[in-house]
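The analysis underlying the following values was restricted to heavy atoms, covering all of them including side chains, and did not include hydrogens, waters or symmetry mates. In the text below, chain A, chain B and the rest are named by the order of the sequence lines, each starting its count at 1.
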Protein chains: 2
Amino acid sequence: MPKKRTLPYILLGLIHSNHQLSGYQMMQEFKHEISDFWTASHSQIYPELQRMTDDDWIAPVTSPFNVDTKRNQTFYQLTATGEQVLEDWLREPLTTTNDDLFPLKLFFIDDQQSDLLKPLIAQQLQLSTDRRDYLLGRMATVFPTEAEIQAHYGHYLTLTRGIERESSYVKWLVDLAISLNDIDDSN
Amino acid sequence: MPKKRTLPYILLGLIHSNHQLSGYQMMQEFKHEISDFWTASHSQIYPELQRMTDDDWIAPVTSPFNVDTKRNQTFYQLTATGEQVLEDWLREPLTTTNDDLFPLKLFFIDDQQSDLLKPLIAQQLQLSTDRRDYLLGRMATVFPTEAEIQAHYGHYLTLTRGIERESSYVKWLVDLAISLNDIDDSN
DNA sequence: AATTGCATGTAATAGGTTACATGATTAT
DNA sequence: ATAATCATGTAACCTATTACATGCAATT
């Protein structure tokens with residue numbers, strides 16, 4: 001299977017969260033808000049918007065209010081199809097092969113009460129736990145004694161760091177899941 | 001400037017740490033040890049090894065010991081040029097634009113006493129601190145009150161997570177730097 | 001006998017970056 | 001005036017993934 005494209009879904013999510021956006025504004029979102037977990041340049045965004053318009057996922061809006069800003073910018077809104085495509089993408093379970101989708105999908109869940117939130121967190125918790133356990137297993141097999149550590153100290157440090165990283169991720173996810181349940185219980 | 005390639009340097013580092021390696025073994029390294037921070041498939045590795053041989057960074061070794069394993073595999077060793085190229089690459093300072101090189105370079109520093117270790121950690125500490133502070137600034141501007149959090153809860157969570165991630169990275173780096181200094185002092 | 005792993009290689013394609021290009025507006 | 005920012009678009013190039021391909025060795 002070909003590698004799944006994610007850019008169009010991000011653009012759908014961005015437009016959804018902001019009601020309507022221009023290509024330039026999407027660029028800014030990438031620069032300021034999404035830079036932490038994804039990148040995209042304007043030379044990717046503009047052709048993609050064209051394709052998405054052709055596929056009827058989004059539609060350009062000729063804004064009548066835009067007389068003041070004398071700039072020629074095209075705003076886009078989601079079509080009904082686009083809304084559905086975004087929803088379907090958000091509901092697709094996370095997999096090992098296509099990781100790092102968690103922060104991206106999370107980013108687009110605006111509502112704390114969304115029924116998408118808990119399953120998403122649970123899925124990432126599973127992935128991160130598995131990853132941590134894999135790294136712990138590596139540590140046990142590759143560095144059984146102090147001798148191996150001294151022979152490949154940098155390798156040892158990267159493994160240590162990986163385990164710390166995943167452990168802290170797991171902890172954050174667990175704490176988040178608990179806090180969300182507490183909010184539910186108090187209602 | 002064109003985007004800098006990193007694969008050849010990783011291959012140099014792998015060969016360096018293991019004295020000599022076959023393409024297949026490098027593949028295994030990617031699968032088991034490096035998968036945490038880099039990926040490469042055999043269809044990348046083999047042509048790259050050819051290019052590096054052409055550039056005289058590495059040289060194939062016709063191992064006389066390989067009569068038992070009846071497999072036709074080519075082992076590679078570093079040339080003097082290759083050693084130098086690797087060394088130079090490891091000494092290049094980390095930059096914001098080409099990040100995630102830290103775990104990679106760290107991986108190839110076998111010796112705890114290497115003079116490359118401390119500067120590398122110091123550089124990553126600077127980058128991670130800057131990143132954390134950037135995210136903290138974003139948090140302050142994008143989510144000044146509870147209202148904004150409720151309106152874009154997922155975005156808020158990703159920012160929270162990013163800050164936690166960088167903070168834990170900073171802490172790990174600081175602790176590591178301290179522990180390395182302690183070792184020095186006791187000698 | 002059939003499957004899995006070892007071992008290497010090339011071709012087609014997708015994805016993304018850099019560079020090239022244009023024109024208007026706003027700030028210095 | 002000049003530079004920076006807004007705003008959009010295309011072309012060239014590079015990188016990386018998937019697929020196609022081969023052949024032997026070891027295991028089931």
Side-chain angles (χ1 to χ4, degrees), chain A residues 1-11 14-15 20-32 34-35 37-54 58 60-63 66-76 95-101 104, chain B residues 1-11 14-15 20-32 34-35 37-54 58 60-63 66-76 95-101 104:
Chain A
M1 55 192 155
K3 189 174 182 181
K4 195 129 204 294
R5 291 174 54 70
T6 55
L7 179 61
Y9 302 101
I10 302 176
L11 298 183
L14 281 176
I15 299 170
Q20 66 167 41
L21 277 180
S22 70
Y24 192 82
Q25 288 174 312
M26 296 178 208
M27 236 179 74
Q28 302 302 312
E29 289 285 316
F30 272 98
K31 202 184 284 180
H32 300 304
I34 306 189
S35 65
F37 39 86
W38 208 269
T39 57
S41 53
H42 80 274
S43 60
Q44 269 183 285
I45 292 170
Y46 289 113
E48 190 61 54
L49 288 174
Q50 191 53 61
R51 273 194 291 273
M52 292 166 74
T53 306
D54 294 345
I58 57 175
V61 189
T62 42
S63 166
N66 223 49
V67 201
D68 42 1
T69 115
K70 286 159 202 157
R71 294 213 164 74
N72 57 329
Q73 50 188 335
T74 315
F75 291 90
Y76 293 90
T95 58
T96 326
T97 43
N98 208 348
D99 61 350
D100 279 350
L101 285 189
L104 219 39
Chain B
M1 54 189 156
K3 191 177 183 181
K4 195 130 203 294
R5 291 174 50 72
T6 56
L7 180 60
Y9 303 101
I10 302 175
L11 297 183
L14 282 176
I15 299 169
Q20 65 167 41
L21 276 180
S22 69
Y24 191 82
Q25 288 175 312
M26 297 179 207
M27 236 180 73
Q28 303 301 314
E29 289 284 316
F30 272 98
K31 203 185 282 181
H32 301 304
I34 307 189
S35 66
F37 39 86
W38 206 269
T39 57
S41 53
H42 80 274
S43 59
Q44 269 182 285
I45 292 169
Y46 289 113
E48 189 61 55
L49 289 173
Q50 191 52 62
R51 273 193 293 272
M52 292 166 75
T53 306
D54 295 345
I58 57 175
V61 189
T62 43
S63 166
N66 223 48
V67 200
D68 43 1
T69 114
K70 285 160 204 158
R71 295 213 165 73
N72 57 328
Q73 50 188 333
T74 315
F75 291 91
Y76 294 89
T95 57
T96 326
T97 42
N98 208 348
D99 61 351
D100 279 349
L101 285 189
L104 219 38

S.K.: Write down the distance between CD1 (A:Ile45) and C1' (D:dT10), rounded to a whole number of angstrom.
M.R.: 15 Å

S.K.: For a quick check of understanding: with a heavy-atom distance under 4.0 Å over all strands, which category does A:Thr39 fall into, base, sugar-phosphate or nothing?
M.R.: sugar-phosphate

S.K.: Counting C-beta onward and ignoring hydrogens, is there a side-chain heavy-atom pair between A:Phe75 and A:Ile15 closer than 4.5 Å?
M.R.: no

S.K.: Take the protein atom CD of B:Glu29 and the nucleotide atom P of C:dC6, then report the distance between them rounded to whole Å.
M.R.: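 Rounding to the nearest Å, CD of B:Glu29 and P of C:dC6 are 14 Å apart.
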
S.K.: Between B:Gln28 and B:Tyr76, which has a closest nucleotide on DNA chain C that is more 5'?
M.R.: B:Gln28

S.K.: Can you tell if the side chain of A:Leu104 reaches within under 4.5 Å of the side chain of A:Tyr9, non-hydrogen atoms only?
M.R.: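 With C-beta onward as the side chain, the pair stays apart.
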
S.K.: Applying a 4.0 Å non-hydrogen cut-off, can you work out what B:Thr74 is touching in the nucleic acid: base, sugar-phosphate, or nothing?
M.R.: sugar-phosphate

S.K.: Figure out the CZ/C1' separation between B:Phe75 and C:dC6, and round it to whole Å.
M.R.: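 B:Phe75 atom CZ is separated from C:dC6 atom C1' by 12 Å.
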
S.K.: In this structure, how many angstroms lie between the P atom of D:dC24 and the CD atom of B:Gln73, rounded?
M.R.: 16 Å

S.K.: Can you tabulate the close N/O pairs, meaning under 3.5 Å, that link protein atoms to atoms of nucleotides 20-22 of chain C?
M.R.:
none

S.K.: Does a side-chain N or O from A:Arg5 land closer than 4.0 Å to OP1 or OP2 of C:dG15, or not?
M.R.: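 Yes, such a contact exists.
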
S.K.: Between the base of C:dT18 and the side chain of A:Ser43, is there a donor-acceptor distance below 3.5 Å?
M.R.: yes

S.K.: Quick check: do A:Ile58 and A:Leu11 have side-chain heavy atoms less than 4.5 Å from each other?
M.R.: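 No, too far: nothing below the 4.5 Å cut-off.
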
S.K.: Check whether any side-chain heavy atom of B:Phe30 sits under 4.5 Å from a side-chain heavy atom of B:Leu7, and report yes or no.
M.R.: yes

S.K.: Let me know the distance between CD of B:Gln44 and P of C:dA14, rounded to the nearest Å.
M.R.: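 Result: 18 Å.
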
S.K.: Between B:Ile34 and B:Leu14, is any pair of side-chain heavy atoms under 4.5 Å apart?
M.R.: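 In contact.
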
S.K.: Starting at CG of B:Leu49 and ending at P of C:dG9, how long is that distance when rounded to a whole Å?
M.R.: 8 Å

S.K.: Is any side-chain N or O of A:Tyr46 closer than 4.0 Å to OP1 or OP2 of D:dG9?
M.R.: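 No, no such contact exists.
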
S.K.: How many whole angstroms separate atom CZ of B:Phe30 from atom C1' of C:dT8?
M.R.: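 Distance, rounded to whole Å: 17 Å.
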
S.K.: Taking all heavy atoms of A:Arg5 and all of A:Arg51, pick out the closest pair and write down the distance.
M.R.: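 Between these two residues, the closest heavy atoms are NH2-NH2, 3.8 Å.
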
S.K.: Take atom CZ of B:Arg51 and atom P of C:dG9, then tell me their distance rounded to the nearest Å.
M.R.: 13 Å

S.K.: Can you see if the side chain of B:Tyr24 gets near the phosphate of C:dC6 - specifically, an N or O under 4.0 Å from OP1 or OP2?
M.R.: yes

S.K.: Within a strict 4.5 Å, meaning less than it, do heavy atoms of the B:Tyr76 and B:Met26 side chains meet?
M.R.: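 Yes; the side chains approach each other to less than 4.5 Å.
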
